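To start, the structure under review is shown below, and the notes come after it.
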There are 2 protein chains.
Amino acid sequence: MSNQTAFRALADPTRRDILTALSDGEMTVKQLTERFPMTRAAVKKHLVILEVGGLLTSRKQGRETLNKLNPEGLKPVTDWLAYFDQFWDTHLTNLQSVFDKKD
Amino acid sequence: MSNQTAFRALADPTRRDILTALSDGEMTVKQLTERFPMTRAAVKKHLVILEVGGLLTSRKQGRETLNKLNPEGLKPVTDWLAYFDQFWDTHLTNLQSVFDKKD
DNA sequence: TAAAAGAGATACCTTACGGTATCACAAATA
DNA sequence: TATTTGTGATACCGTAAGGTATCTCTTTTA
């Protein structure tokens, strides 16, 4: 999944909360809706965006749809962020950082 | 800076590219505008959002404004993401992960 | 000192976004 | 079988987001 779809999926606080909720395990659309102050249709929209972003997978079981966290989908995000670790003072001293960049 | 403002700031690809550009060092609004296919006003808007999100700082020098990357602003994001490391198979084995969650 | 350059502010436009209401449909159940 | 339940899809609404055009202000510079 592209960098952009994942970042976009994480931009909304409700969607981040959905991911946190799913860290407890698979949940149906109904179960998720009970945890959020909005309609099922709204939750469903968020789920689609999260799935497109590669952050969750879904499978049908009878009339229910189970949504499962896909932690690997966070990789494009953590990868992008990792580049900036070199500029982070708490990771490297200023001197070390300057040294790395000059070489 | 709040979790949300930082996530929102990172949601736009142009803003992420601006941060990457600033990893080369401080840049003026004009210098940044030369690197992106949009007007100075548009770049400026992105800079404001990035500054509100705590991802950069700016200072005036004469008639120019220098924009500097603030890597520490990424901390709320990396902190939020860190929670999901425990669900990442490449970090822990499945068995270990199950074990951790049951206890 | 007059003109040019860098920047901020604001009005405005179009589209994307988050949300609800509603309809339709398949699966479980009384 | 009739009905309820869980879901998907779509139309619609109000607001936020990304962008341009334009005006103004301050600082350089010719």
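As the structure is a prediction and not an experimental result, all values here were calculated from the model. By convention in this document, chain letters (A, B, ...) are assigned in the order of the sequence lines, proteins followed by strands, and residues within each chain are numbered from 1.
Closest of all the heavy-atom pairs between A/Val43 and A/Leu32 is CG1-CB, 4.1 Å. B/Pro13 approaches A/Gln4 most closely through the heavy-atom pair CD-OE1, 3.5 Å. Pairing each heavy atom of A/Thr65 with each of A/Asn67, the nearest pair is O-ND2, 3.4 Å. Of all heavy-atom pairs spanning B/Ala6 and B/Leu55, the tightest one is O-CD1, 4.2 Å.
Using a 4.0 Å cut-off between a side-chain N of Lys or Arg and a carboxylate O of Asp or Glu, B/Glu64 and B/Lys60 do not qualify as a salt bridge. Remark: A/Arg59 engages A/Glu26 in a salt bridge, criterion side-chain N to carboxylate O under 4.0 Å. Ion pairing between B/Asp24 and B/Arg35 holds under the 4.0 Å rule for side-chain N and carboxylate O.
In this structure, A/Thr39 does not reach the C/dG19 phosphate: none of its side-chain N or O atoms is under 4.0 Å from OP1 or OP2. Within the 4.0 Å cut-off from OP1 or OP2 of D/dG6, not a single side-chain nitrogen or oxygen of A/Thr65 is found. For B/Arg8 and D/dA16, the shortest distance from a side-chain N or O to OP1 or OP2 is not below 4.0 Å.
As a whole-Å value, the separation of A/Leu66 CG from D/dG6 P is 13 Å. Atom CZ of B/Arg59 is separated from atom P of D/dT27 by 16 Å (rounded to the nearest Å). We find that CZ of B/Phe7 is positioned 15 Å from P of C/dG18, with the value rounded to whole Å. In this structure, the CD atom of A/Gln4 is 13 Å from the C1' atom of D/dA17, given to the nearest Å. Here D/dT26 presents its C1' atom at 13 Å from CD of B/Glu64, a figure rounded to the nearest Å. Separating the CD1 atom of B/Ile49 from the P atom of C/dG8 is a distance of 15 Å, rounded to the nearest angstrom. Rounded to a whole Å, the CD atom of B/Glu26 is 12 Å from the P atom of C/dA7. In this entry the distance linking NZ of B/Lys30 with C1' of D/dT26 reads 17 Å, nearest Å.
Nearest-nucleotide mapping onto DNA chain C: of A/Lys60 and B/Asn67, the residue sitting toward the 5' end is B/Asn67. The 5' end of DNA chain C is approached more closely, in terms of each residue's nearest nucleotide, by B/Ser58 than by the other of B/Ser58 and A/Gly62.
The side chain of B/Met38 approaches D/dG19 more closely than any other nucleotide in the set C/dG8, D/dT7, D/dG19.
The stretch residues 40-47 of chain A touches DNA chain C through A/Ala41, A/Ala42, A/Lys45, A/His46, each having a heavy atom within less than 4.0 Å of the strand. Only B/Asp12, B/Arg15, listed by number, bring a heavy atom of residues 11-18 of chain B to less than 4.0 angstrom from any atom of DNA chain D.
Relative orientation of the B/Tyr83 and B/Phe87 rings is perpendicular, given thresholds of 30° and 60° on the angle between their planes.
With hydrogens and angles left out, the side-chain atoms of A/Glu51 and A/Ser58 include a donor and acceptor closer than 3.5 Å.
Residues that satisfy the salt bridge (charged side-chain N to carboxylate O under 4.0 Å, His left out) test with B/Arg40, not counting sequence neighbours, are absent from this structure.
Side-chain to base pairing of B/Arg63 with C/dA7: no donor and acceptor N or O lie closer than 3.5 Å to each other.
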